[in-house]
Amino acid sequence: MPAPKRPSATTYLPPQWLDAAGPAIITRGTQYAQTGAVTLAPSQRNGKTGFVVQGTQPYTVYLHDSDLYLNSCTCPHASSVTICKHMVAAKLFSQGFHPETVHSPSDETTTTAPSKPYAKVQEIQANIDFLKSRSAEDLSHWIALQCDKNLALAQQLSLWRGQSQDLPQTPAQWKRYLTQAIPQRRNMWGREFQRWESQALESLDLLRQQASLQPANIRLAVEIALRRLFKIWESCDGSNGEGQELYAQLQEILRLSVSAESPPASWLGDWLQLIEDDPLGFSDEAAILALAAEPLRQAYSRRAAVEWQAIASQPSLASNRRQSNANWEHHFQKSRLRRLWRKRYLLSVQQESSTEAWLHVMQQTAHEQSEWIDLVATCERHQQPRLALQYARQGLTLFKDCDPLQQQLLHCYRRDGWDEEAFALAQKCLQHKTTDVRRLDELLECAVGLGMDREQQFQALLETAIQTATPLYGEQQGKDIHIALIWLLHEDRWEQALELLAQPGMGCSWESLIRQLALRLPDSHHSQAAQLLKNLLERSMKTAKSPYSTELQLVKQIRARLSDDERTQWLQTLHKNYQRKSSFVQGLVQLTNSFTRSSGS
């Protein structure tokens with residue numbers, strides 16, 4: 001009796017992996033897993049499990065527990081795909097798919113040649129055995145020749161040598177170590193930046209280990225590494241995330257060193273300058289101060305007060321659109337510096353004052369719209385409802401049309417029982433954003449709070465929206481009632497929406513709304529739904545281009561609303577009317593064939 005077949009590799013992969021990786025990638029990854037090319041890496045990173053997959057060279061893979069988009073691999077292919085073959089191999093290994101769990105070629109009556117990955121593993125092992133047989137002199141001579149040809153190999157050897165020798169003990173020794181581990185570079189992009197960051201991340205283990213033993217030297221090393229990263233970001237913005245993991249880990253190591261030994265007050269200048277040079281602006285000053293001793297905190301408070309007084313005494317930073325690019329850049333940098341120094345000043349005041357006094361200083365120093373919004377939100381977080389109401393009203397006197405401040409004040413009114421004020425403000429908020437159905441709900445709730453009938457109020461609002469509707473543009477004639485349709489669909493009043501749209505002189509410029517209405521109609525309204533969708537298709541085909549994916553999707557939705565006789569006749573009409581659009585007709589044929597096969601099965 002033949003032995004039962006062992007489970008397929010696809011049974012070990014989650015469904016989202018099967019969707020994101022193509023059959024070719026899964027097949028290649030399975031071959032790696034079958035031949036034992038995967039081992040568990042000795043180190044983990046940020047909650048991710050590490051693996052080493054032996055491909056054309058060893059590649060390091062890190063897998064996230066739940067989010068496959070957070071996986072990473074050091075192979076070149078990983079930067080252009082969501083899942084590479086090495087990630088598949090590592091995932092199979094982590095799920096228990098080992099060489100012994102698969103159907104081995106030896107179980108068959110026929111023999112096959114070893115797979116390519118297995119042959120590579122055999123070749124690597126043969127090379128290792130050969131190297132072990134050579135003398136130390138031969139090996140050193142050969143490695144030196146290879147380093148002359150390969151700069152990256154020479155850098156790795158230097159880093160290995162530095163880690164193998166005595167640990168750096170002085171600032172000068174740490175600088176030399178970082179010259180090899182995190183070399184200064186410029187104008188790096190893509191894979192070159194990724195390789196540089198990967199090498200830098202490997203060197204951080206030593207810094208992390210020594211953070212509690214040499215805190216002062218590690219602080220200096222972190223500053224050097226961060227400045228080198230900032231220098232690279234001057235020519236590469238890092239918008240795709242390059243360097244951000246290195247940035248986060250360096251910040252963590254800095255906090256570890258401060259926790260081990262509080263820096264002296266003399267370190268303050270270097271630290272604050274590093275923060276001002278930080279292009280990301282994510283430095284957590286509060287976390288460092290919480291770990292520091294009193295001398296550094298006092299020096300920080302004195303410095304913050306002096307800086308704020310210096311910039312607060314300068315003229316207003318009101319923007320001028322006519323100023324030159326150079327002046328605009330100066331204005332931008334000055335505004336950024338002002339926000340940074342204000343944040344620093346408020347942090348120092350918070351440590352020394354009561355909550356109410358601190359909030360008062362926030363109000364006194366608020367200059368920009370965002371600062372008033374943050375002030376009101378901070379009052380709410382610190383359970384200061386009276387101040388939140390006061391500052392929200394005061395902020396709106398300065399920024400009359402500030403939508404977030406209006407929403408904050410509306411919240412205060414409703415919370416404190418100011419029903420009439422809440423209703424008036426809710427009307428204003430809805431006028432600013434008529435398409436935001438949350439504002440419609442708020443206004444109706446405020447109306448109910450005043451004892452009004454909700455249905456009457458809704459119909460009154462709807463009538464106003466129809467009367468004030470703007471004219472349709474282009475070939476369409478009549479009023480554009482898209483706002484009324486949005487409200488009706490939100491209230492699930494599709495019958496009233498259908499009746500309104502059928503009235504003469506009424507139309508909608510938002511095709512998505514008409515489509516949403518048609519799809520929401522029940523089976524008893526098949527003909528109305530089909531007609532709405534047909535109108536959309538006819539309008540869309542005037543400007544549509546290949547591959548007509550949106551239009552073909554409409555065809556499928558219309559077909560589902562037609563009877564068999566109507567369906568056949570309508571499809572024939574489409575073929576005739578759009579016979580010059582060959583790609584569309586070809587798509588119709590494919591749809592028709594798929595419908596035929598599905599009905600036959």
Is it the case that the side chain of [X] and the backbone of [Y] share a donor-acceptor pair, with hydrogens and angles ignored and the cut-off at 3.5 Å?
X: E566; Y: S563; value: yes
X: R567; Y: L562; value: yes
X: S353; Y: V349; value: yes
X: R561; Y: S527; value: no
X: H525; Y: L521; value: no
X: E551; Y: F584; value: no
X: W570; Y: R559; value: no
X: S262; Y: A293; value: yes
X: T365; Y: M362; value: yes

- Could you walk me through whether Y300 and E285 pass side-chain hydrogen bond (donor to acceptor under 3.5 Å, both in side chains), step by step? CA-CA 10 Å; Y300 180 91; E285 297 181 41; 2.5 Å; yes
Answer yes or no: is there an ion pair linking [X] with [Y], defined by an N-O contact shorter than 4.0 Å?
X: E455; Y: R493; value: yes
X: R344; Y: E276; value: yes
X: K534; Y: E538; value: no
X: R297; Y: E294; value: yes
X: D403; Y: R439; value: yes
X: R414; Y: E445; value: yes
X: E380; Y: R415; value: yes
X: E491; Y: R454; value: yes

Would you please classify the geometry between the [Y] ring and the [X] ring as parallel, tilted or perpendicular, with 30° and 60° separating the classes?
X: Y345; Y: W308; answer: parallel
X: W418; Y: Y413; answer: parallel
X: W372; Y: Y391; answer: perpendicular

With the side chain counted from C-beta on, respond yes when [X] and [Y] share a heavy-atom pair under 4.5 Å apart, and no when they do not.
X: F230; Y: P279; answer: yes
X: K479; Y: L472; answer: no
X: L571; Y: L574; answer: yes

- Item | Derivation and outcome, salt bridge (charged side-chain N to carboxylate O under 4.0 Å, His left out), residues R515 and E511 | CA-CA 6 Å; R515 188 169 186 171; E511 296 182 357; over 6 Å; no
Looking only at the side chains, is there a donor atom on one of [X] and [Y] sitting less than 3.5 Å from an acceptor on the other?
X: D278; Y: S283; value: yes
X: Q457; Y: D453; value: no
X: D565; Y: Q569; value: no
X: E499; Y: Q503; value: no
X: E223; Y: W267; value: yes
X: H382; Y: E356; value: no
X: Q496; Y: Q459; value: yes

- Message: Using the rule given for side-chain hydrogen bond (donor to acceptor under 3.5 Å, both in side chains), can you reason through D480 versus S509, listing the C-alpha separation, both sets of side-chain angles and the distance that settles it, and then say yes or no?
- Response: CA-CA 6 Å; D480 186 358; S509 61; 2.5 Å; yes
- Task: Could I get the full list of salt bridge (charged side-chain N to carboxylate O under 4.0 Å, His left out) partners for E352, not counting sequence neighbours?
- Result: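 Per chain and number, E352 pairs via salt bridge (charged side-chain N to carboxylate O under 4.0 Å, His left out) with no residue.
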- So which of L246, D284, L226 actually passes side-chain contact (heavy atoms from CB on, under 4.5 Å) with Q251? L226
- Item | Criterion side-chain contact (heavy atoms from CB on, under 4.5 Å) on R539 and I514, from CA distance to verdict | CA-CA 12 Å; R539 190 188 310 174; I514 300 178; 4.3 Å; yes
